[in-house]
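Accompanying notes for the structure given below.
All values derive from a computational prediction rather than experimental measurement.
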Amino acid sequence: MKKKELLGLKVLKATSKMMRMAERDQPVRKAEDYWGGKHFYVTYQHGLYMRCAVVGGLLKVAFFLTEHMRAGGRMLLFRILFTSKFTVLPSNSIKPRYQIN
């Protein structure tokens with residue numbers, strides 16, 4: 001596909017279910033010692049949400065931050081497009097010698 005066609009693809013937005021999950025994900029404030037002082041930061045159980053779709057032979061993967069979704073934002077942070085040239089083998093087709101017991 002050409003760049004113009006890729007830019008014209010529909011943008012994946014966060015679904016209502018994703019927004020509800022992000023709303024239930026409560027922030028936790030943590031502190032770490034850092035060079036003689038304390039560094040405070042906020043973390044979540046799920047810091048990143050993903051949404052995927054297959055469109056015209058492309059796999060679209062959209063990433064969303066929990067803190068943006070909790071503030072009401074439905075737009076993605078960034079997206080990755082995979083073409084069919086990069087194939088991924090399903091887990092049941094891996095040969096036994098590569099499996100971990």
Inset, instruction - Please report the C-alpha distance between Lys30 and Val28 in whole Å, then the side-chain angles of each, then the deciding distance to 0.1 Å, and finally whether the side chain to side chain contact (heavy atoms under 4.5 Å, CB included) criterion is met. - result: CA-CA 6 Å; Lys30 293 188 177 182; Val28 177; 4.2 Å; yes
Inset, instruction - Treating Ile, Leu, Val, Met, Phe, Trp and Tyr as nodes and any side-chain heavy-atom pair under 4.5 angstrom as an edge, say whether Val11 and Phe64 lie in one connected cluster. - result: yes
Inset, instruction - Answer yes or no for Arg29 and Tyr41: cation-pi contact, defined as NZ/CZ to six-membered ring centre under 6.0 Å and angle to ring axis within 45°. - result: no
Inset, instruction - Measure the CZ-CZ distance between Arg51 and Phe63 for me, rounded to the nearest 0.5 Å. - result: 14.0 Å
Legend entry - Phe82 side chain reached by Val61 side chain, heavy atoms, under 4.5 Å: yes
Inset, instruction - Would you name the heavy atoms of Ala14 and Arg74 that are closest together and state the gap between them? - result: O-NH1, 2.7 Å
Inset, instruction - Verify the cluster assignment for Leu12 and Leu81: are they in a single hydrophobic cluster under the rule of side-chain heavy atoms below 4.5 Å apart? - result: no
Legend entry - Steps toward salt bridge (charged side-chain N to carboxylate O under 4.0 Å, His left out) verdict (Asp33, Lys38): CA-CA 4 Å; Asp33 292 328; Lys38 287 205 180 264; 3.4 Å; yes
Inset, instruction - Among Arg20, Met19, Met18, find the one that has a side-chain contact (heavy atoms from CB on, under 4.5 Å) with Ser16. - result: Arg20
Inset, instruction - Taking all heavy atoms of Leu76 and all of Ala62, pick out the closest pair and write down the distance. - result: CD2-CB, 4.0 Å
Inset, instruction - Taking the side chain as every heavy atom from C-beta outward, state whether Lys60 and Leu9 have any atom pair closer than 4.5 Å. - result: yes
Legend entry - Heavy-atom check, side chain of Pro27 versus side chain of Arg70, under 4.5 Å: yes
Legend entry - Close side-chain approach of Tyr44 to Leu65, heavy-atom, < 4.5 Å: no
Inset, instruction - On the 0 to 90° scale, with breaks at 30° and 60°, tag the Tyr49-His46 ring pair as parallel, tilted or perpendicular. - result: tilted
Inset, instruction - With sequence neighbours left out, write down each residue that passes side chain to side chain donor-acceptor pair (under 3.5 Å) with Tyr34, or none if nothing qualifies. - result: none
Legend entry - salt bridge (Lys or Arg N to Asp or Glu O under 4.0 Å) against Lys10, all qualifying residues, sequence neighbours excluded: none
Inset, instruction - Kindly compute the distance separating CE (Met50) from CD1 (Ile80), expressed to the nearest 0.5 Å. - result: 9.0 Å
Inset, instruction - Treating Ile, Leu, Val, Met, Phe, Trp and Tyr as nodes and any side-chain heavy-atom pair under 4.5 angstrom as an edge, say whether Leu77 and Leu59 lie in one connected cluster. - result: yes
